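Okay, so here's the structure we're looking at.
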Amino acid sequence: MSALPRITLKKGKEKPILRGHPWVFSGAVARAEGDLSPGEIGEVYSGDGNFLGIGQFNPHSQIILRMLTRRKEVLDSSFFRERLLLADALRERGLKGKANDYRAINGEGDFLPGLIVDRYGETLVIQFLTAGMDRLKGIFLDLLVKHFNPKSIYERSDVPARKEEGLPEAKGLLYGEEVPESVEIEEYECRFRVDVKKGQKTGFYLDQRENRFSLQEVSQGKKILDCFCYSGGFSIHAGLGGAKEIELIDSSEDALERVKDHFALNHLGKLPAHLIRGDGFEVMRSLDSDYDIVVLDPPPFAKKKAHLPGASRGYKDLNLQAFRLLKREGLLFTFSCSHHMNWDLFQKIVFSAAVDAKRKVQLLGRRGHPIDHPVDLSHPEGEYLRGMVCRAL
Ligand code: SAH
């Protein structure tokens with residue numbers, strides 16, 4: 001243990017760590033001793049010399065340290081296996097038999113900062129977002145193979161976040177059979193084909209699974225607008241829930257090709273579905289008011305705090321259009337996946353859209369992360385998905 005490199009924080013900077021936050025910013029560090037190459041595991045001490053825990057360092061990153069434990073223990077394969085089992089127990093209880101697409105490891109939310117593992121049936125897709133996790137690739141591959149016995153493990157570390165860690169983007173097969181163009185998954189009664197090699201994120205928006213299902217439950221006989229539809233997740237659930245007509249909007253041609261495939265795969269070929277390729281803002285403005293349900297699931301508009309004012313205008317505009325398009329008693333499923341958009345602000349934006357649209361609106365419920373995207377309460381930054389279901393009168 002004593003051979004581990006050691007970081008000492010400035011006096012008074014240990015508070016967040018003592019409260020369980022996993023990140024230390026470079027400004028909080030007084031002294032670093034020993035081999036601190038990117039990804040190295042080392043000990044953390046307060047300014048008073050008290051042991052605070054063990055984490056992974058990266059001198060290239062603003063987040064210089066990510067905590068893994070508060071105890072003096074050896075961080076070997078069995079340590080990480082425990083974390084994997086802890087994560088898996090949650091999914092086993094909550095999702096077994098319902099869906100074979102889920103996030104098996106959700107980074108900080110599963111106490112494994114910087115590691116994402118998504119499961120699509122027998123295919124695992126992995127992202128190493130930090131230098132620390134990148135160095136543990138071998139350990140995690142071994143653990144995942146033993147635990148899940150997957151056909152393939154594919155890396156999708158082709159994300160800009162790696163740059164902040166001084167890492168190049170990386171992508172490719174890490175284990176097992178070559179991954180086909182699309183991997184078939186089952187989510188409740190729906191079937192989807194996921195392109196894990198080229199699709200958005202790791203191929204699918206797993207975080208919306210339960211929210212898609214909640215749409216299914218209210219879709220019987222309804223005319224639905226699915227704006228920012230990607231490969232049609234919400235619409236397929238709505239179709240199987242008995243929707244009578246669906247219009248889908250997305251700017252991605254590839255996504256809309258997948259929508260067509262998903263309608264066929266789910267035997268919804270006879271359901272009137274209109275696919276519109278274009279900008280969600282513009283297309284919505286051109287539509288007439290005639291919908292029972294509108295789904296708004298745009299990409300994140302505020303990836304940085306500085307983007308919030310512009311993002312707020314974007315969300316307001318979209319929600320205003322949605323209220324304009326809804327029939328009396330129509331439902332709006334509206335989402336933000338911007339980290340910096342908190343619940344309070346999002347609700348205010350939706351409210352102000354309702355006022356401008358001259359609609360009286362009831363909030364029926366909030367919709368957030370599913371259980372396979374847990375958020376560590378000590379790390380509220382991990383929460384990003386905020387959704388509201390509203391009824392417009
Ligand atoms: N609801 C989807 C996920 C949507 S992700 C699901 O459950 O799977 C956001 C989508 O918005 C992406 O498919 C992206 O292609 C699309 N998009 C991004 N900018 C857009 C724009 N300006 N107009 C329309 N679609 C856009």
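Read the numbers this way: they start at 1 and go in the same order the structure lists the ligands and their atoms. One-based numbering along the sequence shown. The structure presented is a predicted model; accordingly, all values stated were derived computationally and were not measured.
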Under 4.0 Å from a heavy atom of Cys229: which atoms of ligand 1 are those, numbered in the order shown and with their elements? 2 (C)
Within the 4.0 Å heavy-atom shell around Gly278, which atoms of ligand 1 are there? 23 (N), 24 (C)
For Phe234, the ligand 1 atoms with a heavy-atom partner under 4.0 Å come out as 1 (N), 7 (O)
Carefully, step by step, assess Tyr384 and His369 under the rule ring-ring contact (aromatic ring centres under 6.0 Å, His included). CA-CA 8 Å; Tyr384 63 89; His369 296 255; 4.6 Å; yes
Given the rule in the ring-ring contact (aromatic ring centres under 6.0 Å, His included) test, do Phe234 and Phe335 qualify, once you have shown the distances and angles that lead to the verdict? CA-CA 12 Å; Phe234 277 97; Phe335 297 95; 5.7 Å; yes
Yes or no: does Ala255 have any heavy atom under 4.0 Å from an atom of ligand 1? no
Could you tell me, atom by atom, which parts of ligand 1 come under 4.0 Å of a heavy atom of Pro299? 9 (C), 11 (O), 18 (C), 19 (N)
Mind checking the NE2-CD1 spacing from His237 to Ile224? Nearest 0.5 Å is all I need. 12.0 Å
Any atoms of ligand 1 less than 4.0 Å from a non-hydrogen atom of Ser252? List them with their elements. 15 (O)
Measuring from the heavy atoms of Gly232, does anything fall under 4.0 Å of ligand 1? no
Within-cut-off N or O pair, Phe228 and ligand 1, under 3.5 Å: yes
Hey, which atoms in ligand 1 end up nearer than 4.0 Å to a heavy atom of Asp279? 21 (C), 22 (N), 23 (N)
For the CG atom of Leu326 and the OH atom of Tyr291, what is their distance to the nearest 0.5 Å? 10.0 Å
Measuring from atom CG of Leu225 to atom CG of Asp290, what distance do you get when rounded to the nearest 0.5 angstrom? 10.5 Å
Look at the rings of Phe301 and Tyr315 and say which category their plane angle falls in: under 30° parallel, 30 to 60° tilted, over 60° perpendicular. tilted
Pair Glu178, Tyr154: side-chain N/O donor-acceptor within cut-off below 3.5 Å: no
Atoms in ligand 1 with a heavy atom of Tyr230 nearer than 4.0 Å: 2 (C), 3 (C), 4 (C), 8 (O), 13 (O)
With a 4.0 Å heavy-atom cut-off (strictly under), which part of Ser231 contacts ligand 1: side chain, backbone, both or neither? neither
protein heavy-atom neighbour closest to atom 26 (C) of ligand 1 works out as Ser251 OG, 3.1 Å
Give the numbers and elements of all ligand 1 atoms closer than 4.0 Å to a heavy atom of Tyr205. 3 (C), 5 (S), 8 (O)
With rounding to the nearest 0.5 angstrom, report the CD1 to CG distance, Ile64 to Leu36. 7.5 Å
Rounded to the nearest 0.5 Å, the CD atom of Gln56 sits from the CG atom of Asp134 at a distance of 10.5 Å
Check whether any N or O atom of Gly280, backbone or side chain, sits under 3.5 Å from an N or O atom of ligand 1, and answer yes or no. yes
Looking only at heavy atoms, which two atoms of Thr8 and Ser46 are closest? And how far apart? CG2-O, 3.5 Å
To which protein heavy atom is atom 14 (C) of ligand 1 closest, and what is the distance rounded to 0.1 Å? Asp250 OD1, 3.5 Å
Assess whether a salt bridge exists between Arg258 and Asp195, defined as any Lys/Arg side-chain N lying under 4.0 Å from an Asp/Glu carboxylate O. yes
Proximal candidate to atom 6 (C) of ligand 1 [heavy atom criterion; set Arg212, Gln208, Gln200]: Arg212
N or O pair under 3.5 Å between Asp297 and ligand 1: yes
